[in-house]
Amino acid sequence: MDIQQKYSPKVSEPKWLAFWEKERIYAFDSDSDKEVYSVDTPPPTVSGKMHIGHAFSFSQQDFIVRYQRMRGKNVFYPFGTDDNGLATIRLIEKLKNMKGVDMGRKEFVRLCLDTLKEITPDFVQDWKSIGISSDFSIYYSTIDGHCQRISQKSFIDLYKQGRIYRKRAPFIWCPECQTAIAQVEMRDKEQESQFVYMEFDTTIGERIPIATTRPELLPACVAVHVHPDDKRYKRFIGAKAKIPFSKREVEIVANKDADMEFGSGVVYHCTYGDMNDVEWIERFKIEPIEILNKNGTLNEKAGQFAGLHVKKARKAVIEALKNEGRIQKIEPIKHAVNVHERCDTDIEILTTDQWFIRYLDLKDEFLKQGKKMNWFPEHMRVRYDNWILGLKWDWNISRQRHFGVPIPAWYCKKCHEIHLPEESELPVDPMEESPRKQCKCGSKEFIGEKDTLDTWATSSLTPQLAIELMKGTKACKKLFPMSLRPQAHDIITFWLFNTVVKSCLHEKSVPWHNIMISGFALDPHGKKMSKSKGNVVSPQEMIAKYGADALRFWAAGSKLGDDLPFMEKDLVTGQKFITKLWNASNFAFINLKDYKNEKPEKLEAMDLWVLSKLSGIIKDSTETFEKYEYAKTKMEVENFFWHTFADNYLEIVKDRIYNPGRRGKGAREAAQWTLYGVLLSIVKMMAPITPYITEEVYQSYFKKYENEKSVHISSWPSFDMENERIGAIGDIFVSVLNDVRKAKSEKKVSMKVPVKRLLVKAKMAKEEFGSIKDDLKAVTWSEEVVFEQVQESSEISVETVVNL
RNA sequence: GGGCCUGUAGUCUAGCGGCUAUGACAUUUCCUUGACGUGGAAAAGGUCGCAGGUUCGAAUCCUGCCAGGCCCACCA
């Protein structure tokens with residue numbers, strides 16, 4: 001193997017990436033009896049390129065996975081892409097410059113699948129480049145036949161369990177995407193709006209003032225609510241209000257939900273301005289009047305305003321009210337409106353036919369499941385709990401979209417009976433195929449369901465999607481519940497919660513034993529990155545400039561769950577570490593040409609010292625890695641490598657290595673053996689964080705003495721040579737060395753300038769001092785070293801007198 | 001309005017009851033030492049957000065406040 005003079009990530013990273021793939025270093029062994037470590041890898045959405053947030057959180061999960069692999073586990077780390085959602089539709093529409101709704105369903109799905117085939121390999125390449133140690137041959141796409149089958153099977157199973165029902169009900173609707181959406185897909189948006197105070201006539205002769213931001217819903221007003229204790233309006237209760245521009249009269253009722261402080265204190269109940277209105281319809285048993293079309297325009301029930309879009313209707317209604325002298329005042333108001341998180345459109349409430357999973361009765365069960373899993377960091381569980389406690393509606397799993405996993409159902413044309421396919425028929429597209437059996441009523445004619453499943457209905461099955469790929473193998477049964485779910489904190493309420501729901505319903509079990517939640521990558525000022533702010537950092541550019549190891553090194557700088565500002569200088573720090581590790585290894589092996597891989601009879605005190613320190617680092621690193629505290633591991637190993645090993649130990653042993661004749665027999669061999677062992681341990685402990693440079697060092701130097709063909713499947717270091725007394729003696733040594741360096745620095749002379757007489761006063765035995773004297777003399781360039789034993793309270797009290 | 005997290009040197013951060021409060025980047029000075037100048041040695045830099053309390057002892061625990069972030073609710 002050629003050994004590079006200078007380490008270049010540009011050369012080495014593609015080389016080792018190709019090596020790992022060719023040698024299948026990260027392959028899952030499906031026939032093995034070894035303990036399995038299974039990972040429910042987050043499938044990224046195919047929507048362009050990997051972003052820095054991906055690089056951040058995927059690196060963090062990869063640290064843990066690589067550590068577990070080195071601990072000897074049979075690692076199951078599949079890779080998937082999530083591409084049945086709106087994000088994928090948007091991307092394809094953009095790439096192909098067309099609109100999905102203008103195209104036939106079959107045609108559009110075909111186009112999506114073809115386009116995905118083209119773009120997915122490039123997309124996945126980014127994950128490979130950053131060094132994610134997945135077994136990429138275990139791959140799924142959430143729109144492929146395999147996933148469609150499992151997703152549809154889940155639907156059928158839950159239907160049979162009585163958990164799935166279809167209902168015509170008012171639900172959150174996006175008029176832009178023209179589909180129902182879920183509670184979790186809504187987002188708050190601050191908007192400037194007008195707070196309109198309007199007056200309705202009543203049957204008691206007086207007018208009642210109503211404040212609203214949605215005057216256009218006036219034709220849908222079904223009641224007027226006032227607080228029962230509101231003195232201003234008590235007399236109206238039981239009377240009727242006359243709806244302007246119509247002959248309708250509605251009840252004025254008492255409702256404690258009406259906030260006396262807000263607006264005029266009078267609520268006009270429209271169907272539907274928000275989900276509160278839905279609740280009130282049920283509570284007061286009122287017939288709704290629906291005036292909205294699916295595209296956000298008003299229908300014929302809106303009378304003179306029919307045909308207008310909501311925004312235009314608002315102006316028209318205000319104008320008309322003004323003309324009738326019914327406007328008291330209009331206040332500008334800034335308030336939060338619910339919008340669809342994908343397109344920023346104000347959501348509406350529309351009554352449509354939808355499929356739901358009934359699960360509100362299982363809230364306690366979900367909370368219980370949450371407690372059965374280990375959360376890292378622990379406090380992330382609270383977000384999960386809060387979300388469950390705040391759930392109000394069943395899970396709507398149907399979407400009115402072309403592209404997605406079809407809902408496997410037909411309706412009998414004659415009797416409307418619902419028919420589901422057999423498991424063996426899956427995956428099925430009910431728009432293209434028909435049921436095999438005729439209906440109970442004798443009819444053979446069916447209408448296929450044209451709705452598709454919510455993307456989360458499929459991605460909540462990622463453990464099953466991945467594990468089913470291993471069907472029939474020996475290790476398959478050992479994969480569930482999975483060992484680890486890694487993800488970021490933004491989708492605890494989506495992906496994580498939904499997966500727990502499915503697992504609970506299907507498997508009666510938690511889906512994973514451990515959950516690790518990553519934070520976000522922020523811009524240098526601690527702000528969220530977004531395309532609109534223009535503060536987005538491209539991981540591809542950073543990798544090209546500094547290498548993947550440097551980027552991973554940065555990602556290892558933040559505690560799990562913490563957000564981390566991205567600063568390019570941190571990559572420079574990583575780059576320096578990588579160079580330093582390369583140079584130190586280079587130096588070590590220049591002097592290990594005649595290395596014999598056997599433990600020498602006698603080690604010098606300073607060898608024992610560095611080994612003792614190393615033992616402590618190994619112990620700590622292992623403990624911290626077990627607790628997902630890779631940032632601590634990285635920090636400790638880095639510190640040890642740089643300061644204890646490179647700055648001190650290497651300097652100390654140079655004399656023994658260069659001038660073996662001047663020193664006792666075996667002194668050089670002791671240094672060599674120690675150098676080798678310590679460096680190998682450092683390389684191994686850093687391997688999960690910086691996989692490329694450690695592989696380069698391992699392959700260039702260690703490979704000829706070690707058995708494993710890659711450092712990444714070598715065993716995690718474990719040995720214990722911790723020795724308190726040796727540690728203390730070595731610390732005295734380093735303390736003296738620092739004093740000498742300080743003295744030379746103050747005199748502004750080179751470290752190489754000889755010290756005429758070095759006097760060390762310390763609390764240690766004469767023999768102990770004898771064991772470090774030669775090394776000390778050499779590294780400080782002293783001509784004479786004198787020791788004076790003192791009795792002081794502190795064990796490592798040192799006084800150094802340097803005569804230059 | 002509720003919940004959770006975070007406030008440590010110019011910047012990012014470690015420490016989360018007891019050593020002189022850690023390290024990196026930036027700053028200053030020195031060292032062309034035979035792995036590395038992408039290096040090494042040293043210096044300066046801090047009311048540990050603010051105010052109380054608990055304790056022999058608080059950056060660390062408790063209470064309140066202030067600031068920032070995230071999630072949720074309200075938004076007629």
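First the proteins, then the strands, lettered A, B, ... as listed; each starts at 1.
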A:Gln575 and A:Asp549: side-chain donor and acceptor closer than 3.5 Å? no

Need one value for A:Asn591: base, sugar-phosphate or nothing, where a base atom within 4.0 Å counts as base even if backbone is also close, heavy atoms only. nothing

For B:rA24, does either OP1 or OP2 sit under 4.0 Å from a side-chain N or O belonging to A:Lys576? no

Side-chain ion pair, A:Glu331 and A:Lys329, N-O less than 4.0 Å: yes

Both distances below 3.5 Å, Watson-Crick or wobble geometry, any strand: find the nucleotide opposite B:rG1. B:rC72

Remember a base hit wins even if backbone is also touched, and classify A:Thr573 as base, sugar-phosphate or nothing at under 4.0 Å, heavy atoms. sugar-phosphate

What nucleotide among B:rG3, B:rA14, B:rG69 has an atom nearest to a side-chain atom of A:Asn386? B:rG3

Give a yes/no answer on whether the side chain of A:Trp387 brings an N or O atom under 4.0 Å of OP1 or OP2 in B:rA73. no

Indicate whether OP1 or OP2 belonging to B:rA43 is found under 4.0 Å from a side-chain N or O atom of A:Lys742. yes

How is A:Thr213 classified with respect to the nucleic acid when contacts are heavy atoms under 4.0 Å: base, sugar-phosphate, or nothing? sugar-phosphate

Is B:rU22 paired to anything, Watson-Crick or G-U wobble with both distances less than 3.5 Å, and if yes, which nucleotide? none

On the nucleotide B:rC75, are OP1 or OP2 found under 4.0 Å from the side-chain N or O atoms that A:Asn276 carries? yes

Given B:rG40, is OP1 or OP2 found less than 4.0 Å from the side-chain N or O atoms of A:Lys580? yes

Any donor-acceptor N/O pair, A:Asp277 side chain to A:Gly273 backbone, under 3.5 Å: yes

Under 3.5 Å, is there a donor-acceptor pair between the side chain of A:Arg326 and the main chain of A:Leu321? no

Look at the side chain of A:Lys559 and the backbone N and O of A:Glu629, then say whether any donor-acceptor pair between them is shorter than 3.5 Å. no

Would you please confirm or rule out a distance under 4.0 Å between OP1 or OP2 of B:rA42 and any side-chain N or O of A:Asn738? yes

Under a 3.5 Å limit for both distances, which nucleotide forms a Watson-Crick or G-U wobble pair with B:rU63, could you say? B:rA51

Under 4.0 angstrom, heavy atoms only, what part of the nucleic acid is A:His643 near: base, sugar-phosphate, or nothing? sugar-phosphate

Any donor-acceptor N/O pair under 3.5 Å between B:rA42 base and A:Ser745 side chain: no

Among B:rA14, B:rC12, B:rC4, which nucleotide has an atom closest to any side-chain atom of A:Lys559? B:rA14

At under 4.0 Å between heavy atoms, what does A:Phe520 touch on the DNA or RNA strands: base, sugar-phosphate, or nothing? nothing

Base, sugar-phosphate, or nothing for A:Glu651, non-hydrogen atoms under 4.0 angstrom? base

Could you tell me which nucleotide pairs with B:rC30 by Watson-Crick or G-U wobble geometry, both distances under 3.5 Å, or answer none if nothing does? B:rG40

Measuring from the side chain of A:Val382 (C-beta onward, heavy atoms only), which nucleotide among B:rC30, B:rC4, B:rC75 has the closest atom? B:rC4

Nucleotide of B:rU32, B:rA42, B:rU11 approaching A:Ser750 most closely (side-chain heavy atoms): B:rU32

With sugar-phosphate meaning primed atoms plus P, OP1 and OP2, does A:Ala211 contact a base, only sugar-phosphate, or nothing at under 4.0 Å between heavy atoms? sugar-phosphate

Atom pair CZ (A:Arg656) and CG (A:Asn591), whose distance is rounded to the nearest 0.5 Å: 12.5 Å

With both distances under 3.5 angstrom, what nucleotide forms a Watson-Crick or G-U wobble pair with B:rG57? none

Would you say B:rG40 has OP1 or OP2 under 4.0 Å from some side-chain N or O of A:Lys744? no

Can you check whether A:Lys634 has a side-chain N or O nearer than 4.0 Å to OP1 or OP2 of B:rU13? no

